Amino acid sequence: MGSCRTQDGSDQAPKLRDCLAHPNGLAFTQIYCMGVSVSTLRLLKTRMFMNACLVPAADWAQEEFGAITVQDIRHKHRIIQIGEALAKGGSSRLARCLPAWKDLKAAYRVFERPDVTFKAIAESHWQKTRQMLRQPGEYLWIEDTTTLDFTRHNSMEGLGRVGNDEQRGLLLHTALVCRVEGYVDKIEPQISIEGLGWQSPWVRPPELLRGNVKAGCEKKTRRFGRERESQRWGKALESLKPCPEGSTCIFIGDREADIYELFGLCDLAGFDFVIRANQARALAEKGASVFSAVAKAPLLGRIKLKLRARPGQPARVAELELRQAEVGLRTPYRPGGKLKPYTLRVIEVREILEHQPVPVEEPLHWVLLTSLSTATLKEVRRVIAVYTHRWLVEEYFKVLKTGLQIESSQLRTRKRFEPLLGICCLVALRLLGLKLLAQSEEPIDVQAEEFGPELLVILEVQFGKVLKKWTYSSLLLCVAKMGGFVGRKGDGAPGWQTIWRGWSKLMTMVEGMNIMKRQTRFG
């Protein structure tokens with residue numbers, strides 16, 4: 001690592017090495033407090049995050065599940081074993097990851113225990129993630145909900161209505177926490193994943209809560225007097241302590257998060273927010289709404305933005321017009337008293353199609369509500385760049401459902417399924433980290449002892465000896481090629497699926513090499 005000195009000039013290299021080798025995520029807190037440069041911190045954080053994603057599954061499972069609280073210590077050891085098996089197998093299918101019948105049966109018994117719940121398994125991870133919010137820095141708190149559809153699995157008990165109310169399954173609300181490591185040109189945030197701040201699986205009741213009242217005809221006093229689905233948004237913020245001085249937290253949500261009470265929850269928790277508007281909220285000025293107010297605002301500027309591919313729409317570079325306005329909202333009616341009035345900034349992002357060579361079925365049009373400053377074009381562009389990172393939570397759901405195939409679970413009760421879901425949610429976070437690491441351009445050297453000399457020997461035999469040193473980017477590229485990545489000029493960076501397939505294949509080869517070594521030594 002070389003000589004690293006703090007602001008007071010003292011040599012901290014030995015301590016930095018100790019922190020880097022420490023498996024606990026809190027090691028970065030110790031490094032941060034030493035006062036080293038931001039570039040050094042980013043390099044160290046990238047390396048520790050790399051190790052967290054690609055450490056042996058047994059070490060990862062011990063770190064994630066070693067602090068859970070259950071009544072019987074044997075059940076905790078069993079959960080650690082299950083977590084290790086799922087991390088190795090990259091699947092949610094217990095029968096595939098636990099081929100021995102005694103281990104599979106033991107997993108079923110543990111998941112039946114009343115104290116082994118989704119919350120019991122995941123809460124220690126949430127607490128570690130929330131503790132990071134107490135450290136100085138800037139953080140993104142990204143919330144969203146996904147549907148887990150088990151319509152084809154009719155034998156699972158305890159499910160509810162999802163989709164158009166004809167499907168059966170669960171809904172999973174998630175808060176993904178990321179740290180802003182810095183900004184490119186003071187606009188584009190460079191982020192790393194800290195973890196999950198909160199999650200909640202839930203089901204809709206079999207019948208509508210409004211009883212016999214027709215849709216759209218329920219009185220406000222009755223609707224706000226019962227439990228509503230929208231209350232899950234920001235629910236985790238109620239239990240968070242206000243952000244300390246020197247720490248900035250930004251809540252990010254899509255159109256479903258456009259809820260007036262959520263503005264107040266962010267205010268109480270000391271969070272800023274960027275939320276995509278869903279409804280034409282009335283302003284204090286009569287006859288105006290957030291949509292009409294920002295549409296009348298003068299043109300602030302034009303920018304180009306890379307948009308990722310969506311179903312039926314390839315990736316493209318969109319030319320966008322930007323407008324912004326500051327508005328005072330009219331306080332909506334709520335039983336029991338008047339809510340606090342808020343003044344927000346509104347940003348309109350509208351795509352221009354005149355210079356677009358490819359036909360666009362659905363042009364981009366965002367109206368963003370934010371508490372962040374939007375006084376200049378650069379500040380507006382930064383708010384937009386922050387909001388574009390909301391896709392990370394969607395990518396997380398994709399890993400959970402496409403990668404781990406959580407919807408293919410054949411467990412017969414919701415009681416058994418939710419502990420499995422809690423484990424898989426953390427495995428999915430580990431896999432998501434691989435995607436970000438594949439896009440990292442940090443030229444960090446890999447030390448042989450970090451992954452073992454056997455791994456590097458196998459890669460060198462397969463792809464040739466490297467001229468200088470292995471770096472994390474070159475190592476990940478070769479791992480992805482083991483998983484089927486071609487690596488042509490136009491292929492871009494490898495995704496988490498090819499990296500994970502290659503890593504699993506590589507670990508099997510390393511295990512075989514170690515078995516052969518033991519056989520030669522003792523046989």
Side-chain angles (χ1 to χ4, degrees), residues 20-21 23 46-64 81-93 96-99 193 399 402-405 424 426-488 491-521:
L20 184 60
T46 302
R47 173 169 284 179
M48 283 191 294
F49 188 57
M50 181 76 175
N51 289 344
C53 292
L54 295 181
V55 291
D59 296 340
W60 172 84
Q62 181 64 45
E63 176 66 20
E64 286 291 359
Q81 179 193 12
I82 297 170
E84 177 187 351
L86 295 181
K88 281 182 178 178
S91 172
S92 63
R93 297 293 295 268
R96 182 182 302 170
C97 299
L98 297 170
I193 296 177
V399 175
T402 305
L404 295 178
Q405 298 181 328
C424 288
L426 299 183
V427 176
L429 189 69
R430 189 182 190 219
L431 296 182
L432 177 62
L434 296 176
K435 183 179 180 69
L436 296 186
L437 290 170
Q439 298 173 345
S440 173
E441 298 178 357
E442 295 281 0
I444 308 173
D445 293 338
V446 172
Q447 306 299 323
E449 61 271 14
E450 289 180 309
F451 298 106
E454 297 87 358
L455 183 145
L456 299 183
V457 167
I458 292 172
L459 291 179
E460 287 177 356
V461 170
Q462 185 77 12
F463 301 104
K465 191 173 179 64
V466 291
L467 296 177
K468 296 181 181 179
K469 289 184 178 180
W470 281 102
T471 64
Y472 280 108
S473 57
S474 63
L475 183 141
L476 273 174
L477 181 61
C478 290
V479 170
K481 287 182 177 179
M482 295 283 286
F485 180 68
V486 179
R488 296 164 297 192
D491 287 342
W496 57 267
Q497 288 174 304
T498 51
I499 295 176
W500 184 248
R501 281 197 299 265
W503 183 256
S504 300
K505 183 178 179 180
L506 198 56
M507 287 297 99
T508 302
M509 297 171 73
V510 169
E511 187 176 352
M513 181 181 285
N514 289 331
I515 291 173
M516 292 299 294
K517 282 184 178 180
R518 290 196 297 269
Q519 186 177 4
T520 304
R521 185 183 305 171

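Quick caveat, the model's predicted, so the values are computed rather than measured.
- Leu455 CG to Glu460 CD: the interatomic distance, rounded to the nearest 0.5 Å, is 10.0 Å.
- The shortest non-hydrogen separation linking Val479 to Ile499 is CG1-O, 3.5 Å.
- Closest heavy-atom contact between Trp60 and Leu426: CZ2-O, 3.5 Å.
- In this structure a side-chain-to-backbone donor-acceptor pair under 3.5 Å is missing from Thr498 to Phe485.
- Put simply, CD on Glu454 and CG on Leu506 are 10.5 Å apart, with the number rounded to the nearest 0.5 Å.
- Taking OG of Ser91 as the reference point, atom CZ of Arg96 lies at 4.0 Å (rounded to 0.5 Å).
- Residue Ala85 comes nearest to Leu98 through the heavy atom pair CB-CD2, 3.6 Å, listed as atom of the first residue, atom of the second, then distance.
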- Task: Report the C-alpha distance between Leu431 and Leu404 in whole Å, list the side-chain angles of each, state the deciding distance to 0.1 Å, and finish with yes or no for side chain to side chain contact (heavy atoms under 4.5 Å, CB included).
- Result: CA-CA 9 Å; Leu431 296 182; Leu404 295 178; 3.9 Å; yes
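- Residues Lys481 and Val486 come closest through the heavy atom pair CE-O, 4.1 Å.
- In terms of heavy-atom proximity, Ala61 sits nearest to Glu84 at CB-N, 3.6 Å.
- Using a 4.0 Å cut-off between charged side-chain N and carboxylate O, Arg430 and Glu64 make no salt bridge.
- The CD1 atom of Ile458 lies 12.5 Å from the SG atom of Cys478; values are rounded to the nearest 0.5 Å.
- Between Met509 atom CE and Gln462 atom CD the span is 6.0 Å, to the nearest 0.5 Å.
- When all heavy atoms of Leu86 and Cys97 are compared, the pair lying nearest together is CD2-SG, 3.8 Å.
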